[in-house]
Amino acid sequence: MPLSEYGPTSLESVEGANRTRRLALIAPGLTALLVYRFSDDLRHDAIAGLSVAAVALPVSIAYAQLAGFDPVVGLYSSILPLVAYAIFGTSRQLMVNPDAAACAMIAAAIAPVAGNSAELYLSLTTTLTLLTGLFCIAASYFRLGALADFLSKPILVGFLNGVAISIFLGQVGKLLGFSVESSGIIPRLLEVVGKIPLIHGATLAVGLGSFALLFACLRGLPRLPAALVVLVVAGAVSAGLKLDAQGVAVLGPVPAGLPQLRWPTVPLQDVPSLALDAAGLALVVFTSGTLTARSFAAKGGYRIDVDREFAAFGAANISSALSQGFAVTGADSRTAVGVAAGGRTQVTGLVAAATIAAVLLFLTEPLRFVPVAALGAVLIFAAFSLFDVGTLREIWKYDRLEVGLSLVTTLGVVAVGAINGILIAVALALARFVRQAARPRDEVLGKVDGLPGFHSIERHGTAARTFPGLVLFRFNGPLTFFNADYFKQRAVAAADAAGKEVRWFVIDAIPISDIDVNGLYALRDLNAELEARGTTLMLAGRRTEFLIWLREIGVFRTELDNRLFPTLSQALKAYRRETMRELPPSQPR
């Protein structure tokens with residue numbers, strides 16, 4: 001049938017479907033917005049968006065202070081990133097906003113370089129944020145979404161605990177009414193103790209009152225945005241009592257209007273160091289945001305695409321840099337608020353962005369009266385929520401070494417800063433991974449009455465039954481260049497421990513998930529050494545794979561089919577048949 005006979009409608013529908021698929025590869029969120037159900041979802045998303053904005057406004061202002069910026073920069077960082085993620089993200093619910101960990105990392109990376117220049121500080125930060133976004137885009141292109149699984153739970157807990165301690169030490173001075181200039185946990189503590197006589201009573205009263213109101217809201221009125229209530233009440237009290245005239249520090253004038261879009265500029269000599277910081281920041285931004293997105297997706301009954309999430313976080317950070325903002329990631333508190341308020345789609349984030357933009361246009365005047373101590377209280381309260389001891393207790397029950405890794409990460413963040421702390425944690429995780437891969441557990445197997453299959457004789461002791469003349473050996477890892485010699489040593493040691501009467505040495509090949517040429521040569525050398533002592537090497541499991549591998553390299557000189565078995569049980573049966581055939585006719589079989 002000629003193509004024209006299908007009619008234009010069919011062709012157009014096919015082309016439209018192809019365009020939709022191509023669009024979904026680039027901007028999955030946008031395809032969802034194109035089929036948005038206004039009558040069903042708009043009311044829910046609008047209410048949720050307003051709720052998210054109510055929480056995001058005070059938190060963004062507080063995090064701007066944490067990162068070392070004027071309050072308005074936090075608001076700049078909360079508009080376009082929400083829009084970018086709504087277009088490019090794969091989560092229907094995730095809210096992308098400033099985050100305490102990212103802000104702490106920015107301050108640690110930029111402050112030593114910028115000195116006292118506010119203009120250079122902003123320029124360096126926006127460049128750092130842009131580079132972070134570009135790293136995320138590149139990682140998405142190379143499909144590095146699996147990095148979300150690299151920073152383990154203990155490392156993330158330790159990192160956030162370190163960030164919590166750093167935030168507390170950085171904000172306690174604002175709560176007490178004096179500045180803290182030292183860096184590092186011990187110098188800061190000593191400076192705070194030394195400046196106790198300088199505590200400003202009115203500032204301390206504002207801070208303690210803010211804490212009390214935060215606790216009261218969370219206990220008595222959990223549905224209210226506690227941080228917003230605190231800043232509104234503190235600002236009203238500050239304006240009414242003219243606390244700034246009494247020495248209480250306030251935010252001061254906040255410029256009205258939306259941010260101007262511009263490319264960041266920075267001295268070329270600073271780019272290499274910023275690139276290194278951006279790589280670490282991109283890893284933390286992506287890992288933290290993806291963990292949040294995954295947890296809410298699991299509760300919502302849908303899946304996210306981690307590689308596309310990398311690109312979405314990249315777009316969000318590039319848009320933040322272009323609007324003179326700083327690095328952003330998935331914000332668990334604001335996402336939770338949106339979900340609890342009934343948000344259904346990405347439109348929740350768009351409504352939140354529009355609300356924050358409206359505040360910048362029309363409501364910046366009241367912000368000038370907000371006390372800095374109230375912001376410090378909000379940040380310290382957020383730090384308390386970041387600090388996680390319960391998870392460490394839980395991990396302690398399973399693996400105490402992981403708890404040690406977590407504590408080292410915490411100390412690294414506190415001692416040398418967030419960026420260097422996470423690099424230390426990654427290095428430790430890599431070292432442990434290499435150690436586990438290079439020295440996997442090995443065991444000799446036997447039968448245990450009442451239990452199916454074969455089990456370690458070391459774990460089961462006298463309950464495990466072995467077989468005279470037969471060794472069943474398991475190596476729990478791939479057989480590659482970094483552990484091939486170790487595999488051969490352990491196998492020979494197992495054969496030696498079984499005595500000189502060993503006739504068959506059977507390797508359980510199921511846990512050997514991969515094998516390279518070094519592993520094949522290790523098998524050949526092991527086979528030669530066992531043959532020299534009258535022992536036959538056998539393999540059980542992965543029969544087809546080993547037939548291909550071993551024939552290619554010629555490890556065995558005899559027929560391979562007689563040396564490979566599908567399972568350990570079949571290998572044991574074959575060994576028993578072989579033993580029975582070799583018994584003299586007069587002996588009972």
Side-chain angles (χ1 to χ4, degrees), residues 29 44-67 71 73-86 89 91-104 160 163 167 214 217-218 222-232 284-286 288-297 299-300 304 309 312-313 316-317 319-320 325-360 375 378-379 381-386:
H44 300 279
D45 289 337
I47 294 173
L50 291 172
S51 300
V52 170
V55 176
L57 280 164
V59 172
S60 298
I61 292 171
Y63 285 166
Q65 291 270 301
L66 173 61
V73 179
L75 301 181
Y76 291 166
S77 306
S78 304
I79 301 175
L80 284 186
L82 282 170
V83 177
Y85 185 83
S91 170
R92 300 195 296 262
Q93 300 166 310
L94 188 69
M95 297 295 110
V96 173
N97 251 208
D99 171 76
C103 291
L160 291 177
V163 167
I167 291 173
L214 280 168
C217 286
L218 290 175
R223 291 184 177 274
L224 288 180
L228 181 63
V229 171
V230 167
L231 296 194
V232 168
V284 173
V285 160
F286 172 68
S288 175
T290 303
L291 285 175
T292 302
R294 276 179 167 173
S295 63
F296 282 96
K299 294 175 184 177
I304 64 168
E309 284 296 287
F313 287 124
N317 278 281
S319 66
S320 183
F326 49 81
V328 294
T329 184
D332 50 3
S333 61
R334 278 130 289 175
T335 303
V337 167
V339 173
R344 295 181 176 182
T345 72
Q346 296 93 327
V347 172
T348 299
L350 297 179
V351 173
T355 304
I356 297 171
V359 170
L360 270 173
L375 290 174
V378 170
L379 285 171
F381 200 80
F384 288 154
S385 66
L386 282 178

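Given the structure is predicted, the values throughout are model-derived calculations rather than measurements.
When side chains are defined from C-beta on, Val337 does not count as touching Met95, because their heavy atoms never get closer than 4.5 Å. For the pair Thr292 and Thr329, the minimum side-chain heavy-atom distance is 4.5 Å or more. Inter-residue side-chain proximity for Asn317 and Val328 is flagged as met; some heavy-atom pair is nearer than 4.5 Å. Between Ile304 and Arg294 the shortest side-chain heavy-atom distance falls below 4.5 Å. For the pair Val359/Leu57, a side-chain contact is recorded, criterion being any heavy-atom separation below 4.5 Å from C-beta on.
The two residues Ala62 and Val378 come nearest to each other via the heavy atoms CB-CG1, 4.3 Å. Closest of all the heavy-atom pairs between Ala84 and Ser319 is CB-OG, 3.7 Å. Looking at every heavy atom in both residues, Leu66 comes nearest to Cys103 through CD2-CB, 3.8 Å. What you find for Ala56 and Asn97 is that their closest heavy atoms are CB-OD1, 3.2 Å. Taking both residues in full, the closest heavy atoms of Ala352 and Leu82 are given as CB-CD1, 4.0 Å, listed atom of the first, atom of the second, then distance. Across all non-hydrogen atoms, the minimal contact from Ser91 to Glu309 is N-OE2, 3.8 Å.
In summary, the side chains of Ser78 and Ser60 do present a donor paired with an acceptor at a separation below 3.5 Å, with no hydrogens or angles considered.
Rounded to the nearest 0.5 angstrom, Leu350 CG and Thr345 OG1 are separated by 8.0 Å.
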- Task: For side-chain contact (heavy atoms from CB on, under 4.5 Å), just list the numbers for Ile79 and Leu360, CA-CA rounded to whole Å, side-chain angles, deciding distance to a tenth of an Å, and then say yes or no.
- Result: CA-CA 10 Å; Ile79 301 175; Leu360 270 173; 3.5 Å; yes
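In terms of the side chain to side chain contact (heavy atoms under 4.5 Å, CB included) criterion, residue partners of Ala336 (sequence neighbours excluded) are, by chain and number, Phe296. For Ile61, the side chain to side chain contact (heavy atoms under 4.5 Å, CB included) criterion is met by Pro71, Leu75, Leu251, Leu367, Leu375, not counting sequence neighbours.
The closest donor-acceptor contact from the side chain of Ser320 to the backbone of Phe326 lies under 3.5 Å. With hydrogens and angles ignored, the 3.5 Å screen pairs no side-chain donor or acceptor of Thr355 with any backbone N or O of Leu50. In this structure, Asp99 contributes its side chain and Ala331 its backbone to no donor-acceptor pair below 3.5 Å. Checked by atom type and distance alone, the side chain of Arg92 never pairs as donor or acceptor with a backbone atom of Gly343 at under 3.5 Å.
Among Gln93, Arg334, Arg344, the one residue that satisfies the side chain to side chain contact (heavy atoms under 4.5 Å, CB included) test with Val339 is Gln93.
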